[in-house]
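Here's the structure we're looking at; comments come further down.
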Protein chains: 2
Amino acid sequence: MHESLTIGQLSARSGVAPSALRYYERLGLIRAERTGGNQRRYARTELRRVAFIRISQQVGVSLDEIREALDSLPSSRNPTPDDWAALSRAWRDRLDEKIRLLGKLRDDLDGCIGCGCLSLQRCTLYNPEDSLASEGPGARLVLPRPAADVTAG
Amino acid sequence: MHESLTIGQLSARSGVAPSALRYYERLGLIRAERTGGNQRRYARTELRRVAFIRISQQVGVSLDEIREALDSLPSSRNPTPDDWAALSRAWRDRLDEKIRLLGKLRDDLDGCIGCGCLSLQRCTLYNPEDSLASEGPGARLVLPRPAADVTAG
DNA sequence: CTCCAAGTTGAAGCGCACTTCAACTCAAGG
DNA sequence: CCTTGAGTTGAAGTGCGCTTCAACTTGGAG
């Protein structure tokens, strides 16, 4: 068992395409050492970072926000499970909120569609304040492709 | 009170930018009559279609899929509440599924992050089969901005 | 040594859902 | 009429999260 992983190995283990991993590195989400020949070598702890990235994306967090979150990890020492848990707690809150809002949307859909209020602005489905929060331009409530899909490339 | 709405009026009432409404029309999601001077005039029923589009987006459905769904509405007669309810039922199922999966993700996150398995492929968070289903490339589990805002999507 | 899969780079392209722009026309009030 | 705000078009631009490409280098097996 080796100390470090090549980009192909990290890709295979994380299910994230090499091109995506390079992209993450450009954005500062992960880091890599270099060999004499300039090839990337990843510490095993990067696996966890990649896992966190993918999971966070499923929760609906942008790469930019994920970067900010990862920046809060201690850089001097290896992050402990506690460090990761702290990071995850905020994500969990987001999940809870998201679940709550989707439940509300579902209930509203039941009550709303049939009654004809769908066209009214006061319909709760149209109320931005208590509706699903904005995540900024370009964002969609759509689920990312599964890791396996991306992998092969 | 008028029979038809201008694009500005539909925009104001739906919270969707005129440019987005034109875009929806190009994609075949909504329709408009034209005045002698070539300006769009929307039947009031289009309001409901726009509402359905925005709500569907919040549920995570792509415009392409929404178009398919709207195509199932009767074109000969005005859609009844029952027609709309039938349309919404499928969306409701999607919502239920989405809620279920997010709940699972949350529970897994709790059990997973702290225990160190985050880096393991067998982690349920990494299991594509029972994870959140793919919605195609480019898609994200991120919530759209509220209707009142820029819209969008 | 040779070979070639696997790695490297910057730049360009893609898909979605729009927005912006320029250049123009329409519609309604004064 | 004239003005002005609202509407029209096609084309191009935006932002995100990547992928693809061309041209080239590395590194490990045989």
Side-chain angles (χ1 to χ4, degrees), chain A residues 2 4-12 14-30 32-42 50 53-54 56-58 60-67 134-145 147 149-153, chain B residues 2 4-12 14-30 32-42 50 53-54 56-58 60-67 134-145 147 149-153:
Chain A
H2 301 295
S4 58
L5 303 166
T6 66
I7 195 170
Q9 289 166 338
L10 183 59
S11 173
S14 67
V16 174
S19 61
L21 293 174
R22 293 193 195 99
Y23 179 66
Y24 292 164
E25 189 177 333
R26 271 221 305 290
L27 299 190
L29 278 78
I30 57 176
E33 306 286 305
R34 296 301 181 114
T35 64
N38 198 37
Q39 296 197 354
R40 288 172 181 83
R41 288 299 180 272
Y42 296 95
V50 175
I53 292 166
R54 301 305 276 192
S56 300
Q57 285 190 306
Q58 293 191 23
V61 185
S62 71
L63 291 182
D64 206 55
E65 286 182 281
I66 295 170
R67 188 189 42 70
S134 169
E135 299 277 300
R140 309 287 125 58
L141 172 60
V142 169
L143 302 162
R145 3 179 186 179
D149 177 329
V150 169
T151 290
Chain B
H2 302 295
S4 58
L5 304 165
T6 66
I7 196 169
Q9 289 166 337
L10 182 58
S11 173
S14 67
V16 174
S19 61
L21 293 174
R22 295 194 194 97
Y23 178 67
Y24 292 165
E25 188 178 333
R26 270 222 306 288
L27 299 189
L29 279 77
I30 58 177
E33 305 287 305
R34 294 302 182 112
T35 65
N38 197 36
Q39 294 198 355
R40 289 171 181 82
R41 287 299 180 272
Y42 296 95
V50 176
I53 292 165
R54 302 304 279 192
S56 300
Q57 285 192 305
Q58 293 191 24
V61 185
S62 72
L63 291 183
D64 205 55
E65 286 182 281
I66 295 170
R67 187 189 43 69
S134 170
E135 301 275 298
R140 306 289 122 60
L141 171 61
V142 170
L143 303 163
R145 359 180 189 182
D149 190 337
V150 187
T151 191

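Each chain gets a letter, A, B and so on, in the order the sequences are listed, and its residues count up from 1.
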Between [X] and [N], does any side-chain N or O lie under 4.0 Å from OP1 or OP2?
| X | N | answer |
| --- | --- | --- |
| B/Gln57 | C/dC16 | no |
| B/Arg54 | C/dC18 | yes |
| B/Tyr24 | C/dC18 | yes |
| A/Thr6 | C/dG7 | yes |

To the nearest Å, give me how far apart [atom1] ([X]) and [atom2] ([N]) are.
| X | N | atom1 | atom2 | answer |
| --- | --- | --- | --- | --- |
| B/Arg67 | C/dC18 | CZ | C1' | 17 Å |
| A/Glu25 | C/dG10 | CD | C1' | 15 Å |
| A/Ile7 | D/dC18 | CD1 | P | 14 Å |
| B/Leu29 | C/dC16 | CG | C1' | 13 Å |
| B/Arg40 | D/dA6 | CZ | C1' | 13 Å |
| A/Ile66 | D/dC18 | CD1 | C1' | 14 Å |
| A/Tyr42 | C/dG7 | OH | C1' | 11 Å |
| B/Tyr23 | D/dG13 | OH | P | 17 Å |

Quick check: closest heavy atoms across [X] and [Y], and the distance to 0.1 Å?
| X | Y | value |
| --- | --- | --- |
| B/Leu21 | B/Ile30 | O-CD1, 3.5 Å |
| A/Tyr23 | A/Leu63 | CE2-CD1, 3.5 Å |
| B/Gln9 | B/Ser4 | OE1-O, 4.0 Å |
| A/Glu65 | A/Val61 | CB-CG1, 3.3 Å |
| A/Arg67 | A/Leu27 | CD-O, 2.8 Å |

Derivation and outcome, side-chain contact (heavy atoms from CB on, under 4.5 Å), residues A/Arg40 and A/Arg34: CA-CA 5 Å; A/Arg40 288 172 181 83; A/Arg34 296 301 181 114; 3.3 Å; yes
Where protein sits on nucleotides 20-30 of chain C, one letter per nucleotide: B base, S sugar-phosphate only, - none, heavy atoms under 4.0 Å: B-----SS---
Touch class at under 4.0 angstrom, heavy-atom based, for A/Arg26 against every strand present: nothing
Main-chain N/O of B/Val16 paired to B/Ser11 side chain as donor or acceptor, under 3.5 Å: yes
Most 5' of A/Asp64 and B/Arg34 on DNA chain D, judged by nearest nucleotide: B/Arg34
